[in-house]
Amino acid sequence: MISHEGRARASRWLLAHGPMVALSILVVTLAIGVQRTGHTWGDDFALYLRQAKSLVDGNIGQVIADNHFNVDNAAKPGFSPYVYPWGFPLLLAPVYRVVGRDYAAFKLVEVASLVAFLWGFHAVIRRRMDRWVAFATVAFVGTTFAYLVHTDKVVSELPYMAAATLTLWWLDRIRRGRPLDAATRGQLVALGLLAMLVFNIRREGVALVAAIGVAQLLDLRGRWRTADRRAVATPYVAFAGGVVLLQLLLPSALAPEYAGSGLGQTWKKLDGAFQLAFARQVGFDELAGIGLLLAVLLVVAGIAVRLWRAPAEDAPLAVFAIGSMVIVGMIPAVADRYLLAITPFAVYFAAQAVAAIPLPRRLAPLLATALLAIGSLVHLATVRVEIRDAQAFDDAGFVVDGPETASAQAAFAAIRTYTHQDDVVAFFKVRALTYYTDRRGVQSSDLEILRQRSDYFMMRRNTGIGQPWVTADDAEEMGWTEVWSNVEWVLWRLPLYEPG
């Protein structure tokens, strides 16, 4: 009898979740397929991994002090926070403890985060739309090359997305059939702590607090005076208490400051960089002009429809997505990945707009499902080519241009061999330098800053990107000594700086 009941439950679960299981298997296969050996030079990953390693080694203070030095002595001190939020390093630390520095293993964390996000995203939107429209929306996002290839980098966006959708799902769950303040104290505390977790993966996660606030305001309409004020305050108290406690244990910048940041940056990106990023993240790189305008209008129409028909359900989603976009847009750096957590909600609202078209016989949801399915098939055709290229790349024995190439590894070995622990080494990616060599450094394209603040300079030959390009004659004139070199790198010893 128990066996029969167990089989019946399993059958019901597979019937309900079978499509998502199949999609998850497909996404894992595709994501691993597009990955290439090694890692790029973009060195956000280096600080994340060094922080994860510090949790294993117990030298957290040293890591913070080293990066403090690196940032303060760079030509542009605002290029990095002194320390990233600790949520992602905490996720990486157990993997680091087991396998050490293994990028293939770290990338599996990214793959798992992508799959977790897709499940959370599906759980959130399934309550708001037709079953197959919801699944098609998730499949559209999950098969997009921009999301699959992002698993090839060890950065925090995908874990952030997974944690954010988990929090939104929990917010939905504890509001189901009742206002938020009617939830139990434990449920409200859990909500605040989940928001704290998201905030401690990426700081734009504070937009979730605003989303919770909007949900409360909508639930409290007409009964503010009779509401339990303690219950209303509980999620925020839990959030603030969790943030303070984690700050005491693992300090990081609560509001990182960057030179030139502000709302003007967001507006400028909306008129340029965000448009390109959106096109890539929906899987149609050439989307521009009238096509892009129509896509944006579809998203806006979907938001308007849902705020009219179901404001209590979708206002929190809109606030989270728009709030996140405004916050990340304020950062001067231009990077597509900052928009990754926002684009899926744009796709959701666009799907809602199509599904709301007044067509006979419920044809509108079928139309939305068909359009999303066609988009997914286009994505798969693109990904198939990318997988073939990645496989050929790995089969040829190539390694992505970055710190894991044999040449770069030889350069790092030379730094460890020929420099002292206290020497300051100039390098075009200083956080990667410190991660691989335990040397503090200077990151600058300004030759005078480099000469003033460095004992050594590991220069990449034939490029001036992120560093001065110094010829052998220039080096001789400045009294520099070549300590080591290979075909790609040269290590210079710099004399004591004398102005003029």
Side-chain angles (χ1 to χ4, degrees), residues 22-46 49 101-115 117-118 138-159 161 273 275-288 291-292 334-340 343-344 347 372-409 429 432 460 462-463 465-466 487-488:
L23 177 63
S24 299
I25 294 171
L26 176 64
V27 167
V28 169
T29 303
L30 297 178
I32 293 175
V34 300
Q35 293 176 0
R36 303 186 181 209
T37 303
H39 201 285
T40 62
W41 274 114
D43 65 344
D44 289 5
F45 77 93
L49 290 177
R101 188 172 67 231
D102 184 336
Y103 285 98
F106 298 146
K107 291 174 184 180
L108 288 179
V109 174
E110 300 286 348
V111 174
S113 297
L114 175 59
V115 172
F117 160 73
L118 294 175
V138 175
F140 181 91
V141 174
T143 56
T144 307
F145 178 65
Y147 287 88
L148 295 168
V149 78
H150 202 66
T151 66
D152 204 24
K153 299 180 178 64
V154 185
V155 282
S156 62
E157 284 77 23
L158 294 176
M161 292 161 60
Q275 295 180 19
L276 298 174
F278 176 75
R280 282 189 283 265
Q281 288 167 16
V282 296
F284 296 92
D285 294 4
E286 303 304 319
L287 184 64
L292 179 61
V334 177
D336 287 5
R337 59 192 178 92
Y338 296 148
L339 212 62
L340 283 169
T343 300
V347 175
L372 290 164
I374 292 170
S376 298
L377 291 175
V378 174
H379 294 167
L380 290 173
T382 301
V383 172
R384 180 173 175 271
V385 175
E386 296 292 345
I387 290 175
R388 184 184 61 200
D389 292 347
Q391 187 63 57
F393 181 90
D394 287 347
D395 288 347
F398 296 141
V399 178
V400 172
D401 181 31
E404 289 295 297
T405 63
S407 180
Q409 286 294 303
K429 293 292 183 182
R460 195 173 192 180
N462 302 320
T463 180
I465 299 175
V487 295
E488 190 176 359

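- Taking CZ of Arg388 as the start and CG of Asp395 as the end, the distance is 13.0 Å to the nearest 0.5 Å.
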Query raised in the report: Between Val383 and Thr143, does a side-chain contact (heavy atoms from CB on, under 4.5 Å) hold up when you go through it step by step?
Result: CA-CA 8 Å; Val383 172; Thr143 56; 5.8 Å; no

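- By the 4.0 Å N-to-carboxylate-O rule, Arg460 lies close enough to Asp401 to be salt-bridged with it.
- Taking 4.5 Å as the limit, every side-chain heavy atom of Lys429 sits out of range of all side-chain heavy atoms of Pro403.
- Here the side chains of Val27 and Val111 are not in contact, with every heavy-atom distance at 4.5 Å or above.
- Here Ile32 contributes atom CD1 and Thr151 contributes atom OG1; the two are 8.0 Å apart, rounded to the nearest 0.5 Å.
- Every residue two or more places apart in sequence or in another chain that forms a ring pair (Phe, Tyr, Trp, His ring centres under 6.0 Å) with Phe140 is listed here: His379.
- In this view, Arg337 and Asp44, His150, Val155, Glu157, Arg202, Ala335, Leu340 satisfy the side chain to side chain contact (heavy atoms under 4.5 Å, CB included) rule, not counting sequence neighbours.
- Asp102 places a side-chain N or O within donor-acceptor distance of the main-chain N or O of Ala105, the cut-off being under 3.5 Å.
- Side-chain contact between Val141 and Phe117 is present, with at least one heavy-atom pair separated by less than 4.5 Å.
- Here the CD atom belonging to Gln391 is positioned 12.0 Å from the CD atom belonging to Gln35, to the nearest 0.5 angstrom.
- Between the side chain of Thr144 and the backbone N or O of Ala146, no donor-acceptor pair lies under 3.5 Å.
- Between Thr405 and Val400, the shortest heavy-atom contact is CG2-O, 3.3 Å.
- Listed here is the closest heavy atom pair of Ala279 and Leu287: CB-O, 3.6 Å.
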Query raised in the report: Does the pair Leu372 and Val347 meet the rule for a side-chain contact (heavy atoms from CB on, under 4.5 Å), with working shown?
Result: CA-CA 9 Å; Leu372 290 164; Val347 175; 4.1 Å; yes

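- Judged by distance alone, with hydrogens and angles left aside, the side-chain atoms of His39 form no donor-acceptor pair with the main-chain N or O of Lys153 at under 3.5 Å.
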**Report entry** Derivation and outcome, side-chain contact (heavy atoms from CB on, under 4.5 Å), residues Leu118 and Tyr147
**Finding:** CA-CA 11 Å; Leu118 294 175; Tyr147 287 88; over 6 Å; no

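- In terms of heavy-atom proximity, Ala390 sits nearest to Gly33 at CB-O, 3.5 Å.
- You'll find the side chain of Tyr103 reaches within 4.5 Å of the side chain of Phe45, heavy atoms only.
- Put simply, the side chain of Phe398 does not reach to within 4.5 Å of the side chain of Thr37, judged on heavy atoms.
- A distance of 6.0 Å separates CG of Leu26 from CG of Leu380, quoted to the nearest 0.5 Å.
- Of all heavy-atom pairs spanning Ala432 and Asp43, the tightest one is N-OD2, 3.6 Å.
- Glu110 places none of its side-chain heavy atoms less than 4.5 Å from the side chain of Leu114.
- With sequence neighbours left out, the salt bridge (Lys or Arg N to Asp or Glu O under 4.0 Å) criterion links Lys107 to Asp152.
- Residues Ile387 and Leu30 have side chains in contact (heavy-atom distance under 4.5 Å, counting atoms from C-beta outward).
- Using a 4.5 Å cut-off on side-chain heavy atoms (C-beta onward), Glu404 and Arg101 make contact.
- Of the possible polar contacts, one joining the Gln281 side chain to the Asp336 backbone as a donor-acceptor pair under 3.5 Å is found.
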